[in-house]
Asks: 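Dumping the structure here so I can ask a few things about it.
Keep in mind the model is a prediction, meaning the values are calculated, not measured.
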Amino acid sequence: MEEPTDEVLRQLMREAAEDAKTSNEEATEYYFNLMMAEAQKAVAGI
């Protein structure tokens, strides 16, 4: 099996970075939505 070229490795790393960024953004949005829901419950006295 041949070694991947530098360009192929760069593309793989670029895609991995984009996937990680998207995953992080989704996790952050989920976390803040959860915190907002909990804050609303606390304000409502639930």
Asks: Identify all side-chain donor-acceptor contacts of residues 13-25 below 3.5 Å with residues at least two apart in sequence or on another chain.
Replies:
| unit_1 | atom_1 | unit_2 | atom_2 | d |
| --- | --- | --- | --- | --- |
| R14 | NH1 | Q11 | OE1 | 2.5 |
| E15 | OE2 | Q11 | NE2 | 2.7 |
| T22 | OG1 | E18 | O | 3.0 |

Asks: Would you indicate whether the side-chain heavy atoms of T5 and L9 approach each other to under 4.5 Å?
Replies: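 No - every pair of side-chain heavy atoms lies 4.5 Å or more apart.
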Asks: Heavy-atom count check: over 12 atoms from other residues, nucleotides or ligands less than 6.0 Å from E7 CD?
Replies: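 It does: E7 CD has more than 12 such atoms within range.
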Asks: Residues sharing Y30's hydrophobic cluster, by side-chain heavy-atom contacts under 4.5 Å among ILVMFWY, directly or via others?
Replies: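 Under the 4.5 Å side-chain rule, Y30 groups with Y31, F32, L34, M35.
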Asks: Using side-chain hydrogen bond (donor to acceptor under 3.5 Å, both in side chains) as the criterion, list what pairs up with E26, not counting sequence neighbours.
Replies: none
